[in-house]
Amino acid sequence: MSGGAVSIHWFRKGLRLHDNAALLAALKGAKQVYPVFVLDPHFAKPEFVGVVRYNFLLESLRDLDKSLRTLGSRLYVLKGKPLQALEEKFKEWEVTRLTFERDTEPYAKLRDTQARELAEKHGIEVITTVGHTLHDPEQYIAKAGGADKIPLTYSSFGTLFRRLGKVPAALSAPTKEDFPQSSTLVRTDALDDHRFDVPSLKDMGYEWNDDEHEVRFPGGETEALERMRRHLQRKAWIAHFEKPKTSPNTLEPSTTGLSPYLKFGCLSPRLFYHELARVYAEYRDHAKPPVSLHGQLLWREFFHMCGYAVKNFDRMEGNRICRQIDWDTNDALLAAWENARTGYPWIDACMTQLRREGWLHHLARHAVACFLTRGDLYQSWEKGAQVFDRLLVDADWHLNSANWMWLSCSSFFYQYFRVYSPVAFGKKTDPSGAYIRKYLPQLKAFPDKYIYEPWKAPPGVQRSCGCIIGKDYPEPIVDHAEVSAANKARIRACYDALKQAEKAKKTTTKDAKSSGGASKRSSAQSSAKLKKTKTASSKR
DNA sequence: TTGGGAGTTGTTCAA
DNA sequence: GTTGAACAACTCCCA
């Protein structure tokens, strides 16, 4: 038997050929390489991953397959539980090496640990690399001095980021020559085996309805690179981009729209980072973090680090950085929000865009998240995060949890008295309500004066617009002025209670300290007690 | 230990 | 149209 490895490169995120260290590791000295994607039934559920995102995934796989075929290879799509599917191929293909990019989501971490153990049991070499973030999340934690010492503000994260040094360069995509040449291949039959083709949405149990959904972001690395290059050509725009100055309700995205590609790894964050740096180098007055495009990548980095370091990051309970707030549970309110029936056109238009396109401008996400939680409906951020996680084409576990905690004043941000108005906020950038008219056509005929508050239109106006409020479009589900004031008071009470508890704990710690010294307890015992108290108090 | 400064992206109203 | 202050007062971080 001739030498050389038989590799599986396991794609999960990182659906790209450029800047793919794990793929390059699979190719190195290999006589045969199987680029594999496993369609895990864990994710293939419409109630868990919405059709827009699943479609994006399949398009990305198709693009990957196409690119690999130009290099004399292909993508092997397997179906089923990843461990089972892989083990089958380990044996059948006589695999000697498994490579993949590290993934820091809880489900992925467990899956990958098990996959590594399984591979090693079969005597297979396992190589993993880091490529989903600019730096390895482990490095941030190590540099900070432990998971419980990570910075929890953006500016202190910035210091940590700089301490890690330069962002590694993006690697080039492999060429045809990097792939095993056909003469060395052990087997070629699988190259044309249609069982490994990318399935259709229908094959995966999804229904696509053109009336309900729209592809705003075609999946794949090819599209990702094209989009990035297209934006980079507008150098002045790139250089002076400031996120808070972009509008949440333009009919075309006012931002780069690269988030879905970063989520699936169709675009390398390192490549984007260095490409931006090249443009910045030409402009002395370029924008800076946190508002610049570099700043956006740093936010992503910051939240990835937090999600990696903090246990139960996607929940309130057992999450040391999340404030415990007495959210209400009202399924009717939650459903009205989710289904765009709050009676506030700005909120409902946003939710319609989310359901239809799987995407919303960042500030629109703020508006609807604030509305669901501390602003109006006082429902738990976890519920909202679950809806976003299902519907967003760019849903990222770390960013989603972090942003929901932010908007609900559960962590990172605490100025609960700053509430987005479901009427005024959208008006600032779209006074005539073109955005609302697009997503809520039933309100199309309302004059500008009433488009954000149609319930204020006199009955005659409603009749002439062909839309009676309370019949053709809902009445406002809550009175914003009333509930937002009440909610502020509730959050304030929660904060106060937490402050009191904190105070009490501090006193206890003090007492423990002084009595510990007096009674000459063993140092190990007292330090254990102190540590425990510290952990408890940091839970807030 | 404590106080001051900073914090990507609020709203309303007056000048 | 833009700017600034008042609203009420949050936390984290660092010196």
Side-chain angles (χ1 to χ4, degrees), chain A residues 144-145 148-161 163 240-250 254-256 286-303 306 310 320-323 325 346-347 350 360-371 373-376 399 402-431 452-453 480-481 483-503 506-507 509-510 513 537-540:
Chain A
D148 54 345
K149 302 244 173 48
I150 54 158
L152 291 173
T153 62
Y154 184 81
S155 46
S156 50
F157 171 76
T159 309
L160 179 63
F161 176 76
R163 283 174 62 206
H240 300 122
F241 179 96
E242 291 187 21
K243 183 69 157 280
K245 288 186 182 163
T246 58
S247 162
N249 41 13
T250 46
S254 59
T255 48
T256 64
H286 69 82
K288 299 262 163 40
V291 292
S292 65
L293 283 168
H294 259 181
Q296 304 314 302
L297 284 172
L298 293 198
W299 280 106
R300 179 176 183 270
E301 202 75 359
F302 173 41
F303 288 149
C306 293
V310 175
R320 74 173 176 90
I321 69 162
C322 180
R323 303 208 139 186
I325 294 173
W346 158 242
I347 298 296
C350 288
L360 271 183
H361 184 280
H362 190 62
L363 292 177
R365 299 182 197 200
H366 277 215
V368 298
C370 183
F371 187 88
T373 57
R374 66 187 168 87
D376 295 78
L399 307 190
N403 280 311
W404 274 94
M405 280 191 267
W406 182 295
L407 263 305
S408 61
C409 282
S410 298
S411 197
F412 303 113
F413 178 78
Y414 306 92
Q415 287 168 274
Y416 57 81
F417 38 85
R418 289 192 181 174
V419 175
Y420 289 86
S421 159
V423 172
F425 186 69
K427 243 186 217 176
K428 280 191 293 187
T429 43
D430 180 25
Y452 284 87
E453 301 167 284
H480 172 70
V483 294
S484 64
N487 292 349
K488 276 180 205 167
R490 286 182 72 173
I491 300 259
R492 189 181 172 176
C494 277
Y495 276 24
D496 281 348
L498 290 162
K499 236 186 275 180
Q500 292 303 319
E502 184 92 338
K503 226 180 182 175
K506 255 190 193 148
T507 317
T509 313
K510 240 184 200 167
K513 252 186 192 169
S537 68
S538 70
K539 267 182 185 159
R540 297 193 278 225

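What you see is a predicted model; the values in this text were computed from it and never measured. Just so you know, these numbers use all the heavy atoms, side chains as well, and skip hydrogens, waters and symmetry mates. So that the names make sense, note that chain A is the first sequence line, chain B the second, and so on, each numbered from 1.
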With heavy atoms under 4.0 Å as the rule, sort A:K428 into base, sugar-phosphate or nothing.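 Result for A:K428 = sugar-phosphate.
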What contact category does A:V419 fall into here, base, sugar-phosphate, or nothing, at under 4.0 angstrom with non-hydrogen atoms?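 Sugar-phosphate, no base atom in range.
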Among B:dT11, C:dC14, B:dT9, which nucleotide sits nearest the side chain of A:F425? B:dT11
Among B:dT9, C:dC13, B:dT11, which is the nearest nucleotide to the side chain of A:H366? B:dT9
Expressed as a whole number of angstroms, how long is the span from [X]:[atom1] to [N]:[atom2]?
X      : N      : atom1 : atom2 : result
A:H362 : B:dT8  : NE2   : C1'   : 8 Å
A:F241 : B:dT8  : CZ    : C1'   : 11 Å
A:L293 : B:dT8  : CG    : P     : 17 Å
A:D430 : B:dT9  : CG    : P     : 22 Å
A:I150 : C:dC13 : CD1   : C1'   : 15 Å
A:K245 : B:dG10 : NZ    : C1'   : 17 Å
A:L407 : B:dT8  : CG    : C1'   : 12 Å
A:E242 : B:dG7  : CD    : C1'   : 16 Å

Secondary-structure stems, DNA chain C, at least 3 Watson-Crick or G-U base pairs under 3.5 Å: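 When the pairs of DNA chain C are grouped into runs of at least three, the stems are B:2-7 with C:10-15, B:10-15 with C:2-7.
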Strictly distance-based, threshold 3.5 Å: is any side-chain N or O of [X] a donor or acceptor partner for the main-chain N or O of [Y]?
X      : Y      : value
A:Q296 : A:P290 : yes
A:Y416 : A:R490 : no
A:Y452 : A:G426 : yes

Which value, in whole Å, describes the distance between the [atom1] atoms of nucleotides [N] and [M]?
N      : M      : atom1 : answer
C:dC10 : B:dT12 : P     : 22 Å
B:dG7  : C:dA9  : C1'   : 13 Å
B:dT1  : C:dC13 : C1'   : 14 Å

Please tell me if A:K288 has a side-chain N or O lying less than 4.0 Å from either OP1 or OP2 of B:dT8. no
Within the 4.0 Å limit for protein heavy atoms, which parts of nucleotides 4-10 of chain C are touched? Write it as a string from 5' to 3', B for base, S for sugar-phosphate only, - for none. -----BB
Parallel, tilted or perpendicular for A:W346 and A:F425, by the 30°/60° rule?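 Rings of A:W346 and A:F425: tilted, as their planes differ by 30° to 60°.
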How are the rings of A:W406 and A:W299 set relative to one another: parallel (under 30°), tilted (30 to 60°) or perpendicular (over 60°)? perpendicular
Measure from the ring centre of A:Y154 to the centre of the six-membered ring in the base of B:dT8, then say whether that distance is under 5.5 Å and the planes meet at under 30°. no
Just one of A:S410, A:C494, A:C409, A:S484 clears the side chain to side chain contact (heavy atoms under 4.5 Å, CB included) bar with A:R374, so which one? A:C409
Side-chain heavy atoms of A:C306 within contact of A:F412, under 4.5 Å: yes
Residue pair A:S411 / A:I321: nearest heavy atoms and the distance that separates them: OG-O, 2.7 Å
For the residue pair A:T246 and A:H361, what are the closest heavy atoms and their distance?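 Closest pair (atom of A:T246, atom of A:H361, distance): OG1-NE2, 2.8 Å.
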Just by distance, no angles: are the side chains of A:H362 and A:T255 close enough, under 3.5 Å, to form a donor-acceptor pair?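 Not at all, the side chains of A:H362 and A:T255 share no donor-acceptor pair under 3.5 Å.
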